[in-house]
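Taking it in order: structure first as structure tokens, then the write-up.
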Amino acid sequence: MTSRLPENGFPVEPFNGNFHLKDVVSVEQFTDPREIELLFQKADEMRRSVEMREVRRDLYGYSVAELFYQPSTRTYTSFLAAAQRLGVSYITPIHGMTAYSSAAKGESLSDTVRTIEATTAADVIVLRHPGDDSSQEAAYYAQVPVINAGSGRKEHPTQGILDLYTIREELGRVDNLVVTMTGDLRNGRTIKSLAKLLVLGGNNIKFNFVSPEVLKMPKEVTNYLQSCGAEVYISDNGALEDVLPRTDVLYVTRIQSEWFTTQALEDLRERLGARVEGIDESTLKILANQLGENEYRKAVHGYEVNSGLMKSAKSEMIVMHPLPRVGEIAYDVDNDPRAAYFRQMRYGLYTRMALLSLVIGPAVNGEFKNDN
Amino acid sequence: MTSRLPENGFPVEPFNGNFHLKDVVSVEQFTDPREIELLFQKADEMRRSVEMREVRRDLYGYSVAELFYQPSTRTYTSFLAAAQRLGVSYITPIHGMTAYSSAAKGESLSDTVRTIEATTAADVIVLRHPGDDSSQEAAYYAQVPVINAGSGRKEHPTQGILDLYTIREELGRVDNLVVTMTGDLRNGRTIKSLAKLLVLGGNNIKFNFVSPEVLKMPKEVTNYLQSCGAEVYISDNGALEDVLPRTDVLYVTRIQSEWFTTQALEDLRERLGARVEGIDESTLKILANQLGENEYRKAVHGYEVNSGLMKSAKSEMIVMHPLPRVGEIAYDVDNDPRAAYFRQMRYGLYTRMALLSLVIGPAVNGEFKNDN
Amino acid sequence: MTSRLPENGFPVEPFNGNFHLKDVVSVEQFTDPREIELLFQKADEMRRSVEMREVRRDLYGYSVAELFYQPSTRTYTSFLAAAQRLGVSYITPIHGMTAYSSAAKGESLSDTVRTIEATTAADVIVLRHPGDDSSQEAAYYAQVPVINAGSGRKEHPTQGILDLYTIREELGRVDNLVVTMTGDLRNGRTIKSLAKLLVLGGNNIKFNFVSPEVLKMPKEVTNYLQSCGAEVYISDNGALEDVLPRTDVLYVTRIQSEWFTTQALEDLRERLGARVEGIDESTLKILANQLGENEYRKAVHGYEVNSGLMKSAKSEMIVMHPLPRVGEIAYDVDNDPRAAYFRQMRYGLYTRMALLSLVIGPAVNGEFKNDN
């Protein structure tokens, strides 16, 4: 870790077949499907343990620091539970870094990370932070591994991992799948991570990207997926009904109304050009709010997944959502056995246990070098 | 739990002689004095353990989630300590649900509860929430038991339980008692719970309700207590001195000044009728504040318990308060051996340990069916 | 603890050679160098344990409450880690007392402390609070020992202890030292505590106090140090370069800009006298901000420690800082082996483990009576 130079940015090191003492900052670090399988076999072991109520001691005598600079229900609680269930002896979980740490006094992230490492003698730091490069920066400065629990809008690798594991556990395979992603495909980080892991970990993947046109999947991502051999079908403003009968995995994401307001404001400024000077800032914002709200309503219209829509889906398929939801999936779907979104969160516990144990636990035998 | 329908509301299930895997949402679930005795015997066992510094492992391998949506010193710390002292292996205590969870992003309580259950594999959820029906709602959706640690203004069952246990431990009995309740009898939830448990658990209870008239105990409650055989003496605007010499338990509660402001505002609106339209909202509030403050001062006047007043009390009696206090009990009473309010909080630890262990621990032998 | 009277203030009890069940509220409680040595020998033992990854059980079955009323990264996490690494069975760590406790409802500190003691059956209370006398007040009311983790601007004894231990570990001695303190010597509490411990624990100490004149070390402190036999050299507005070549310990502290604003405001009021009445409060504040900012810039100018400056320092010396820093030490010093400030925080873990274990653990043999 000490050889990296910040002038070069904070480079991401590939796993090269081995998680031991590695930082986990991005799904881009996976370059071999066997890395995913190694992780998932460990997760299987964790699943059995939890279900059998086995008390594990993998990380007895170890120390884990969990630093959260943003509100989080799922990721925070599952990383905390994961550490506890591995028998970690010393856990420092801080949910309110922004309010209760020296971040409030203007301390830099690199100083704070080195501080917690020093004060707690942590073996690993789990970090959630609004900065896009926060995890890489922390990994550069920390002497111990850093696990990214969500960095800005850019990366949330453990979400991608648990999503792929969910598919494997629920459908029994990660190959030969029709995966329909819907909602905000433009801004959502989780779907991009999952898509990348899918084409790495599985064969014969067909994607349907169904979203309002303004929220469509960026061209770079679709190009990348195609270059990896995936089939991609893009349906801007299209209907879920059209693709649902052939879908194995329906992945729904939240469409955030604030995004539309921001867009409307930018749009107004562009269209008005110099004339914008004559308009009061607050008037502009009211206008943008109204326009944005209209666009939002148009955008979400027709994207709600409900029990009526589910009638057209296969009997063997799953509905996923990273949650929280705000209306994208109706409550009447919750009791449908195909609704996998609550089970999905439980898989987060198993995969995070697996990751923690592979990163800081004793080195696993039989690891391999990536021969790419 | 899955058979309940929200259309019927969220019904409360009686304990029927057995706490095992039951939700604990209301004192109304107690219907047999033997249920109270079962719980208290367990609490006695816990008390001995704590006093002997015995390290217990009742809940070794178990997982407890504690979700607090409201500030709480007593309940939060004593539930946390209770879980730890039972040897719970995995605890997820969240003090700031409002600030740090997806509640901030608009997630529904039922989704959040199911989330935490999934991410932590919790065996029980302890919930404090401002919504009156929050615990019942959570219990309906969760697959594991929910324990109400305070729901809105309506229920706080573990407070009632620890209050009754305090009386039993301090006075050696829950029968043949003169119980004087004072302060805000209209809005206080703890005194109503305690009163109901007293008439269920004890015989020959006489109540004195001494309060400002505007804060008097609601008729439904006094009727209920009388229907259970209790003697009730109501002393609106009356003096504590009159009843103190015969009192075994003096239960003091806080009178909250905000309540008077709210009342004054309602009152003003009613009296002014249509003319209220002509008055500026902020003027109305200033007026209500002044009127409310006056009423508050009149109401609290004469209700302070101090060492002078305590001279007229029996030598064998106790003073209780759910705390925090703001002037209802003078500091000069703290060293009086009859001041039980700090010990009362310790009984909270024992009773919460008992409850957690009975609800999720291995089923207790010798339980009974309620034959009511 | 119960014999003290608040009318006399809240007196500080000297350790008298023994930490067992003592409150730790001030460095003034140390009166014998052997007390420091006893503590440091314990810290050495803790250091070895942590470095060897030994799992300790010194405080198995014990209960520790940590109540923090102010944001804190270092002290909070290191006390938490310290308790965990001693095998404390029950820990109640509350980072947000102000937001989540009844303090928000106006409860007094003495009630809150007695509450937590009751609800958690704590064996010791670790308290961080903005009130200067908070720890003494808590110690007066609590039945168990209170450890001061920072009280207002007055005392932060465990910082002084870890600072002295840092010097001992890094330089191998606490005697025959040239100690240069710089930054805000007027308001900084940590340097005063360290200076007092140094003259108690070590022989032949020479101090250089280098600071902007407005932030110079108070006369009482320099007088006290001289009366203890230390040599003191005061360099108002002086340059670090002049003293650095002879310095063994360079202790840097933060200069806070807000202080200058406050001073400028007081100054303005004094100078304007009666005429201040004619000036709008907000105008006065803007003026004070500008004047304060200017003074601040002048004050900090020339006090930055960077790699250029470090060229003139000895090869065997250390740079210390209580952190967080905001520019007093340039990042380019971080990799200098003489930069001890991150290691300094790790020593905080060892010394706090030592203190907790000596205060509440089984009494240590071979303790001594202070024969002063």
Side-chain angles (χ1 to χ4, degrees), chain A residues 1-7 57 59-69 71 80 83-84 87-123 125 137 140-144 360-362, chain C residues 46-47 49-57 68-88 91 93-100 128 162 254 256-258 321-327 329 331 334-335 341-350 352-353:
Chain A
M1 251 163 273
T2 48
S3 62
R4 293 189 215 159
L5 291 172
E7 291 81 39
R57 315 237 303 168
L59 298 184
Y60 178 74
Y62 284 78
S63 170
V64 172
E66 309 193 345
L67 313 183
F68 279 64
Y69 284 81
L80 177 55
Q84 292 175 338
V88 171
S89 302
Y90 322 115
I91 308 182
T92 308
I94 309 190
H95 217 162
M97 284 299 292
T98 313
Y100 298 123
S101 82
S102 291
K105 300 177 198 158
E107 188 173 60
S108 67
L109 178 61
S110 63
D111 272 14
T112 302
V113 163
R114 284 181 287 185
T115 290
I116 305 277
E117 193 181 355
T119 56
T120 66
D123 293 303
I125 292 167
E137 187 186 339
Y140 177 79
Y141 284 102
Q143 286 172 39
V144 297
I360 58 170
Chain C
M46 299 305 170
R47 180 179 183 170
S49 275
V50 172
E51 288 175 352
M52 304 289 288
R53 306 189 71 90
E54 207 176 76
V55 175
R56 300 185 66 100
R57 314 240 300 170
F68 278 64
Y69 284 80
Q70 291 180 301
S72 158
T73 313
R74 270 146 282 275
T75 314
Y76 177 75
T77 55
S78 84
F79 263 116
L80 177 55
Q84 292 175 339
R85 288 193 177 257
L86 291 165
V88 171
I91 309 182
I94 309 190
H95 215 161
M97 285 299 292
T98 314
Y100 299 122
R128 166 88 155 231
L162 78 89
R254 191 158 42 123
Q256 290 176 295
S257 60
E258 312 87 63
H321 191 300
L323 302 181
R325 60 176 159 182
V326 277
I329 302 180
Y331 282 87
D334 293 0
N335 291 322
Y341 35 92
F342 288 113
R343 296 190 295 275
Q344 186 181 350
M345 293 187 293
R346 175 64 59 86
Y347 297 126
L349 174 60
Y350 307 143
R352 284 170 181 133
M353 286 175 75

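In the text below, chain A, chain B and the rest are named by the order of the sequence lines, each starting its count at 1.
The two atoms that bring C:Arg53 and A:Gly61 nearest to each other are NH2-O, 3.7 Å, heavy atoms only. The shortest heavy-atom contact between A:Ala118 and C:Phe342 is CB-O, 3.4 Å. When every heavy atom of A:Ala99 is checked against every heavy atom of C:Pro71, the shortest pair comes out as O-CG, 3.6 Å. Between C:Leu80 and A:Ile91 the shortest heavy-atom distance is CD2-O, 4.2 Å. The heavy-atom pair separating A:Arg114 from C:Arg325 by the smallest distance is NH2-NH2, 3.6 Å. Nearest heavy-atom pair, A:Ala121 versus C:Arg85, reported as atom, atom and distance to 0.1 Å: O-NH2, 3.2 Å.
Contacts of C:Tyr331 with chain A are made by side-chain atoms alone, with heavy-atom separations under 4.5 Å and no backbone atom involved. Proximity to chain A involves both the backbone and the side chain of C:Val55, based on heavy atoms less than 4.5 angstrom apart. For C:Arg352, no part lies near chain A; criterion is any non-hydrogen pair under 4.5 Å. The contact between C:Asp334 and chain A is made entirely by side chain atoms (from C-beta outward), counting heavy-atom distances below 4.5 Å. The contact between C:Glu54 and chain A is made entirely by backbone atoms, counting heavy-atom distances below 4.5 Å.
Listed options C:Ala82, C:Ser72, C:Gly348 were ranked by heavy-atom pairs under 4.5 angstrom with chain A; first place goes to C:Ser72.
With sequence neighbours excluded, no residue satisfies side-chain hydrogen bond (donor to acceptor under 3.5 Å, both in side chains) with A:Ser89.
If you take OG1 on C:Thr73 and CG on A:Leu67, they are separated by 9.5 Å, rounding to the nearest 0.5 Å. For the atom pair OG1 (A:Thr92) and CD (C:Gln84), the distance works out to 5.5 Å, reported to the nearest 0.5 Å. Here OG1 of A:Thr112 is found 6.5 Å from CZ of C:Arg74. Values are rounded to the nearest 0.5 Å. In this structure, the separation between NE2 on C:His321 and CG on A:Asp111 is 9.5 Å, given to the nearest 0.5 Å.
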**Request:** Let me see the working for C:Tyr76 and A:Thr119 under side chain to side chain contact (heavy atoms under 4.5 Å, CB included), right down to the final yes or no.
**Result:** CA-CA 9 Å; C:Tyr76 177 75; A:Thr119 56; over 6 Å; no
